[in-house]
Amino acid sequence: MKIIGIWAAVIVVLYAAQTSLLTLIDFNGVSVNFMLLFTVSAAFLRGPSWGVLFGFVTGILQDSTTGSFFGCATFSFMTAGFFFGMFSSRVFKEQFFLPVVSSIFAGALHFLIMIAFVFLLGYRPDFVQMIYKILMPFLIFQVIFSWPVHKLVYTLDKYARESKR
């Protein structure tokens with residue numbers, strides 16, 4: 001039970017940092033998404049079922065506090081958690097290069113899912129402008145912060161597995 005509280009506290013601290021401190025270094029209103037990075041790292045370390053669970057929790061947290069379309073981030077994070085969790089048995093847990101590279105794919109997947117929702121709701125966004133003004137800065141932020149987030153999640157996962165013994 002104690003480890004669940006620690007996981008929850010880490011999620012809350014990361015979200016608080018994402019929504020308060022990191023807005024100071026945003027670029028055109030675009031900043032890092034710690035919830036997506038956390039979900040992808042947890043999925044790599046724990047598997048697809050944990051990836052979906054963490055994707056749901058972090059997505060609901062983000063959807064409930066932002067003014068975006070409710071459920072879009074939850075669906076996006078759950079999809080990323082499942083997809084990257086499928087590779088958990090095929091990767092070395094100690095490898096830190098993979099989460100950095102996967103943050104690019106996770107960010108692009110999140111962006112495409114959000115754009116698909118916007119498109120399905122009847123809006124016609126300018127894709128070229130959105131790629132240059134939103135996607136590129138977003139991916140740069142994701143790559144910069146992916147290693148520290150993965151290191152944090154890796155340390156927490158290692159502690160959780162050792163405390164079970």
Write down the atom of [X], the atom of [Y], and the distance for their closest heavy-atom approach.
X      : Y      : answer
Ser103 : Leu37  : CB-CD2, 3.7 Å
Leu139 : Ala108 : CD2-N, 3.8 Å
Ser102 : Val40  : OG-CG1, 3.7 Å
Val149 : Phe38  : CG1-N, 3.8 Å
Phe70  : Ile60  : CZ-CD1, 4.1 Å
Met35  : Gln18  : N-OE1, 3.3 Å

Check your understanding: Any sub-3.5 Å donor-acceptor pair from Ser76's side-chain atoms to Ala73's backbone N or O?
Key ->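 It does not hold such a pair.
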Practice item. Count the heavy atoms of every other residue, nucleotide or ligand shown that sit under 6.0 Å from CZ of Phe56, and state whether that count exceeds 12. Key: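 Counting neighbours around CZ of Phe56, 12 or fewer heavy atoms of other residues, nucleotides or ligands fall under 6.0 Å, so no.
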Exercise for review: Look at atom CZ of Phe119 and say whether more than 12 heavy atoms of other residues, nucleotides or ligands are closer to it than 6.0 Å.
Suggested key: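 No.
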Point-to-point distance, once rounded to the nearest 0.5 Å, from [atom1] of [X] to [atom2] of [Y]:
X      : Y      : atom1 : atom2 : value
His150 : Leu98  : NE2   : CG    : 8.0 Å
Leu45  : Arg161 : CG    : CZ    : 7.5 Å
Arg46  : Ser41  : CZ    : OG    : 13.0 Å
Ile115 : Met130 : CD1   : CE    : 3.0 Å
Asp126 : Tyr132 : CG    : OH    : 11.0 Å
Ser146 : Phe34  : OG    : CZ    : 10.5 Å

Do [X] and [Y] have side chains that approach each other closer than 4.5 Å (heavy atoms only, starting at C-beta)?
X      : Y      : value
Tyr159 : Ile6   : yes
Val153 : Phe44  : no
Phe83  : Phe105 : no
Leu14  : Phe145 : no

**Study point:** Evaluation steps, side-chain contact (heavy atoms from CB on, under 4.5 Å), between Phe77 and Asn33
**Key:** CA-CA 11 Å; Phe77 293 174; Asn33 192 331; 3.5 Å; yes
Check your understanding: Using 30° and 60° as the class limits, which term best fits the ring planes of Phe138 and His110: parallel, tilted or perpendicular?
Key ->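 Rings of Phe138 and His110: tilted, as their planes differ by 30° to 60°.
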Practice item. Give the ring-plane orientation class for Phe87 versus Phe84, where under 30° counts as parallel, over 60° as perpendicular and anything between as tilted. Key: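 Tilted, since the angle between the ring planes falls between 30° and 60°.
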Let me check something: do [X] and [Y] share a hydrophobic cluster, defined by ILVMFWY side-chain heavy atoms less than 4.5 Å apart, either directly or through other members?
X      : Y      : value
Val32  : Ile144 : yes
Phe97  : Ile140 : yes
Phe111 : Val100 : yes
Val12  : Ile3   : no
Val13  : Tyr15  : no

Check your understanding: Would Thr39 and Phe82 count as a side-chain contact (heavy atoms from CB on, under 4.5 Å) if you check the C-alpha gap in whole Å, the side-chain angles of each, and the deciding distance to 0.1 Å?
Key -> CA-CA 9 Å; Thr39 300; Phe82 180 76; over 6 Å; no
**Study point:** Criterion side-chain contact (heavy atoms from CB on, under 4.5 Å) on Ile113 and Cys72, from CA distance to verdict
**Key:** CA-CA 8 Å; Ile113 289 173; Cys72 292; 6.0 Å; no
Check your understanding: Which is it for Ile104 and Gln142 under the side-chain contact (heavy atoms from CB on, under 4.5 Å) test, yes or no, and what are the steps along the way?
Key -> CA-CA 7 Å; Ile104 296 170; Gln142 293 294 95; over 6 Å; no
